[in-house]
Amino acid sequence: MIPRYLVDFDVADLTRLEADVLIIGSGIAGLYTAIKAAENRKVLLITKKTLMESNTRYAQGGIAAVTSDEDTPAYHMEDTLIAGAGLCEPEAVSTLVHEGPVGIQELIRMGTVFDRVDGELALTREGAHSHRRILHANGDATGYEIVRALSDQVAAHPGIEVWEECMVIDLLTEHGECIGALVQKPGGERSYITANATILCSGGSGQLYRYTTNPDIATGDGIAMAYRAGAIVRDMEFIQFHPTALCHPGAPRFLISEAVRGEGAVLRNIHGERFMDKYDSRQELAPRDIVARAIIHEMERTQAAFVYLDITHEPPERVKQRFPTIYRTCLSFGLDMTTDWIPIAPAAHYMMGGVQTNLHGESSIARLFACGETSSTGVHGANRLASNSLSEAIVFASRIIERLHSLPPLVGHTLISYSDNRTEFPASSVAEQRHRLQEAMVRYAGVRRHGEGLQAALDELQGLMPIFEAVIASREEIEFANLLTCALLVTDGALLREESRGAHYREDFPETDDSVWRKHVQQRREQGITEEYVHDI
Ligand SMILES: Cc1cc2nc3c(=O)[nH]c(=O)nc-3n(C[C@H](O)[C@H](O)[C@H](O)COP(=O)(O)OP(=O)(O)OC[C@H]3O[C@@H](n4cnc5c(N)ncnc54)[C@H](O)[C@@H]3O)c2cc1C
């Protein structure tokens, strides 16, 4: 059983701080929400590394929004719904495509400098987009530019207090409301924060898998905390694997953006043969799940650990100018993408599911909001359209701020304490347990799944559950407990969903089954796993 809180505590023993708004995380969702909220509120932003470290920082390809006369919100909506494979909430998608352009103007107002051609915003195209609508910055360093601009604003803002290197352990709830959070400071000292509104902006969970494009921070903390607090989490079985992560000895799984294929790169197997036309008429620009499965199939067929991405036919100067970060990173590993084919393989990249929210970012717990990758707004359905995640964060952040106006003040609460009488320390090294978890997830709950494998994964994960009864002290232990929670949610959801749809592919149920499965899978602590129909409009 996953416990209500990860640690025993009595707030009477802890220092307390009050904030109007508590924001957990400093990616695009956390930074943007903080700036907006601080217009007339006292904001505390807590982040477990530095202000600059997040998934957002590594986003390359760009941010999707309609800004050209040739494109329309209707086209953007259609592309998003197709990628989502019948599981998007249409109202959420409509909100995204109509409000995204205003969000872009806000980002520009906050200091983000997007690339331009002759004074106009430069637009590229990525897989499954019917039109050029992806804005980018410094070629392929979009996320870095956004984080740079927003974190400058946050750091200088008198209404925002920032706590770096602080780890939120759990959300505090009383009478069905979220009243704040329990936090661990760098030296191990714990505090509790009370807040009128708590906004989870804690990102995704790529670290569930041994091979991921996500940095170390992506351990699903927000989803696990919200689940422990009793919030509904949704669609956890849908994990997007990016088809093209660098696969080279000694190199991390560095992302080679989809935009490289958008600009003409092709995939070749180890014999140098192009293969995508065997799998999909859209070839290299087919949706990510199709490209990822095609690559894995081709790797197995040729008994290789990778395939190649080839952009050597494009003019070298254009490649260097359009993809400076990718070019430099590959070069640092001895690969010149203007002359060499780049070895790549799929890697875990993005979590479609998360904490279920309505169109105002409200979770199923009063005063608890979720924004960005940690949320499940209904925009992405069974598969995210490339570059929609950055725009989703800013669109729903603005809607959360609107909702804060109508939130009554938090009045008196009792001092909470909690004890599971934990006395034992974790039996074996957490690093070793984390490795076991990641291996099981890659092997059984990855790009291709099967009922028997998913059951084997569950058995392995259940063997790791004693961590929940142990005295947890270090950040690594907290993160591991959160990863384990998310791994159980992903595997349970994947086992229940006996069909293939979007990013979820079951070898034992290879077809999409709309008659039974055009539904979300919802999970809630103590209430188990349930299903809910997709709302049509
Ligand atoms: C390599 C890469 C390339 C990508 N490219 C694109 C792209 O081109 N376009 C696009 O739209 N999307 C892209 N994505 C996805 C996109 O970057 C993310 O979905 C998005 O940035 C998530 O933003 P976020 O603010 O929700 O979370 P993050 O940016 O991940 O921020 C999460 C924050 O929460 C903090 N945090 C987490 N847990 C805790 C805790 N317990 N206590 C305190 N703080 C905590 C973290 O330290 C971090 O600051 C890419 C992702 C990766 C990894």
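All ligand and atom numbering here is 1-based and tracks the order in the structure.
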Query raised in the report: Should the pair H131 and Y75 be assigned to parallel (<30°), tilted (30 to 60°) or perpendicular (>60°) ring geometry?
Result: parallel
Query raised in the report: Should we say atom CD of Q321 is surrounded by more than 12 heavy atoms from elsewhere, each under 6.0 Å from it?
Result: no
Query - Contact residues of ligand 1, where a non-hydrogen atom lies under 4.0 Å away - result: I24, G25, S26, G27, I28, A29, I46, T47, K48, E53, S54, N55, T56, Y58, A59, Q60, G61, G62, C166, M167, V168, C201, S202, G203, T213, N214, I217, D221, M225, L255, H349, Y350, G372, E373, R384, S387, N388, S389, L390
Query raised in the report: When you look at E479 and K48, which way does the salt bridge (charged side-chain N to carboxylate O under 4.0 Å, His left out) test go after all the steps?
Result: CA-CA 11 Å; E479 288 183 337; K48 68 178 175 179; 2.8 Å; yes
Query - Polar side chain donor-acceptor pair, D289 to H504, under 3.5 angstrom - result: no
Requested in this report: Kindly write out the residues that satisfy ring pair (Phe, Tyr, Trp, His ring centres under 6.0 Å) with H242, not counting sequence neighbours, or none if the list is empty.
Outcome: H349
Query raised in the report: Do the side chains of H98 and V66 get nearer than 4.5 Å, heavy atoms only?
Result: no
